[in-house]
Protein chains: 2
Amino acid sequence: MGKEEIIERQCTESNIKEAAKTVFLKKGFAGTKTRDIADQAGENLALINYYFRSKKNLFQLVMQEIFAEFMESSIPVFNDPKTTIREKIEIFVDKQLDLYMHQPDIPLFVLNEINENSRCLDQMTQNKHELIMQSVFHSQLEIEYGHKKIHPEHVIMNIVGMTLYPFLGRAMMNGMKGCEDMNFETMMLERKKLIPIWTMSMLEGPQE
Amino acid sequence: MGKEEIIERQCTESNIKEAAKTVFLKKGFAGTKTRDIADQAGENLALINYYFRSKKNLFQLVMQEIFAEFMESSIPVFNDPKTTIREKIEIFVDKQLDLYMHQPDIPLFVLNEINENSRCLDQMTQNKHELIMQSVFHSQLEIEYGHKKIHPEHVIMNIVGMTLYPFLGRAMMNGMKGCEDMNFETMMLERKKLIPIWTMSMLEGPQE
DNA sequence: GTCTATATTTAGATAGAC
DNA sequence: GTCTATCTAAATATAGAC
């Protein structure tokens with residue numbers, strides 16, 4: 001009884017914020033109406049402005065939380081001096097896929113917002129990629145495979161692309177014949193193991 | 001004189017449609033205002049409704065054109081019985097990268113619209129992936145590498161992911177240290193050669 | 001076909017009672 | 001803090017002159 005009480009006893013404010021997160025993730029800023037958020041939260045429309053002053057303000061709050069989650073799960077991995085290239089890839093892919101399996105709308109949302117430099121977050125974005133590009137991972141790639149003329153940038157694009165894409169094009173896959181017997185989650189679990197293997201094959205394999 | 005006349009003599013209708021394409025690609029449906037389109041086209045606002053009846057109608061028209069372009073550049077490649085696996089990948093990547101180097105907003109636009117099953121196009125989308133999944137390419141992968149337990153779906157996800165991602169996360173790359181000396185276009189030209197090589201390495205390389 | 005002016009609808013925000 | 005009712009602004013769409 002006590003437990004459920006606590007769960008139910010979320011204050012209106014966090015109630016709205018969670019609802020906003022859900023709807024913004026799904027529809028983006030322009031596609032979301034404040035009435036959608038109120039409905040989703042089961043709260044009165046006026047309370048959105050009471051607690052958050054404006055739709056834009058609420059959006060920025062929510063977006064910063066999503067970005068923080070997105071980045072915290074990746075940056076530190078690439079900067080750990082104690083792990084190998086392969087280990088970094090394994091940990092990164094594992095963490096990212098876990099995150100997206102629970103919140104599959106994050107990748108598309110993040111990419112959309114990044115490509116709309118209009119709304120804040122420029123600092124966050126820039127910082128993130130500066131960090132990855134100056135990361136220990138980047139240096140390790142340069143040292144180990146620089147002589148093969150594989151630019152680390154390509155490797156990073158590949159890892160991120162292979163990791164994110166299934167969640168970006170997921171709607172396309174729904175009608176896929178080959179996926180009927182094997183469900184999406186199973187495939188993603190497979191990819192946790194395979195993406196590191198594939199990436200190492202690329203690095204070790206023949207270059208032109 | 002005659003030539004420029006012809007170029008200038010585009011009728012208002014196609015003028016508006018081209019402007020709409022530009023703006024919708026950049027901002028999406030909800031983010032686009034009809035005034036933006038009118039401004040971009042240099043035409044009167046009322047003419048949008050005169051020629052296209054509604055914003056929604058214009059959007060669907062434009063979207064279908066974009067989707068057609070997107071699909072025509074990929075489906076036939078995967079169904080050509082005369083080409084090898086490697087050749088199919090080479091041609092596909094080449095065509096896709098050419099398309100996106102000229103119209104870099106297409107990938108994000110298409111993924112967004114697909115994930116909004118709200119607006120039409122369900123037929124197109126479903127058809128596309130049924131086609132790829134029942135394609136000659138799919139069968140070839142199954143025959144040649146099925147014994148290695150590499151599901152063709154994974155391979156397709158990887159190829160598409162590696163091809164599209166640079167255009168999805170492009171904004172992220174602008175601040176990238178490693179890309180200062182090498183510009184984006186150069187990298188994409190490199191990827192035309194590398195993605196097929198990498199993919200073959202994955203297929204031939206060690207599996208768990 | 002094109003324009004100006006205006007009608008209509010939608011959506012964000014607020015006032016004021018409770 | 002919460003709700004109803006309402007204001008205001010923005011955006012789509014149309015009417016009617018030219």
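Chain naming here is simple, since letters A, B, ... match the order of the sequence lines and numbering starts at 1 in each. The structure presented is a predicted model; accordingly, all values stated were derived computationally and were not measured.
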Handout entry: Closest to the B/Asn44 side chain, choosing from C/dC3, D/dT4, C/dA13
Key = C/dC3

Practice task
Answer yes if the side chains of A/Lys27 and A/Thr32 hold a donor-acceptor pair under 3.5 Å, and no otherwise.
Solution key: no

Practice task
Starting at atom CD1 of A/Ile16, determine the distance to atom P of C/dA13, rounded to an integer number of angstrom.
Solution key: 13 Å

Exercise for the section: Just call it for A/Arg35: base, sugar-phosphate, or nothing, with non-hydrogen atoms closer than 4.0 Å on any strand. Expected result: base

Practice task
Let me know the distance between OH of B/Tyr51 and P of D/dA13, rounded to the nearest Å.
Solution key: 17 Å

Practice task
Any chance you could lay out the ring-ring contact (aromatic ring centres under 6.0 Å, His included) test for B/Phe109 and B/Phe24, step after step, and finish with the verdict?
Solution key: CA-CA 8 Å; B/Phe109 176 87; B/Phe24 280 137; 7.7 Å; no

Handout entry: Proximal nucleotide (of C/dG12, D/dA13, D/dC3) relative to the A/Ala46 side chain
Key = D/dC3

Practice task
Step by step, work out the side-chain contact (heavy atoms from CB on, under 4.5 Å) result for B/Leu97 and B/Thr163.
Solution key: CA-CA 7 Å; B/Leu97 289 183; B/Thr163 306; 3.8 Å; yes

Handout entry: Integer-rounded Å distance: C/dC3 P and B/Asn49 CG
Key = 14 Å

Completion exercise
Rounded to whole Å, CD of A/Glu43 lies from P of D/dT2 at a distance of 7 Å

Handout entry: Selected nucleotide, minimal atom distance to A/Leu47 side chain, candidates D/dT2, C/dG12, D/dT12
Key = D/dT2

Exercise for the section: Check whether any side-chain nitrogen or oxygen of B/Thr12 sits under 4.0 Å from OP1 or OP2 of C/dG1, and answer yes or no. Expected result: no

Practice task
Would you please confirm or rule out a distance under 4.0 Å between OP1 or OP2 of D/dA11 and any side-chain N or O of B/Thr34?
Solution key: no

Practice task
Name the nucleic acid region contacted by B/Tyr50, choosing base, sugar-phosphate or nothing; use a 4.0 angstrom heavy-atom cut-off, strictly under.
Solution key: base

Practice task
Using a strict 4.0 Å threshold on nitrogen-to-oxygen distance, state whether B/Asp105 and B/Lys26 make a salt bridge.
Solution key: no

Practice task
Name the closest nucleotide to the B/Lys33 side chain, picking from C/dG12, C/dT2, D/dA11.
Solution key: D/dA11

Problem - Nearest-Å distance for atom pair NZ/P, residues A/Lys55 and D/dA9 - result: 18 Å

Handout entry: Protein-nucleotide distance (A/Asn57, atom CG; C/dG12, atom C1'), rounded to Å
Key = 14 Å

Problem - Ring-ring centroid check B/Phe167 B/Phe184, cutoff 6.0 Å - result: yes

Problem - Options C/dA13, D/dG1, D/dA13, nucleotide nearest the side-chain atoms of B/Leu45 - result: D/dA13

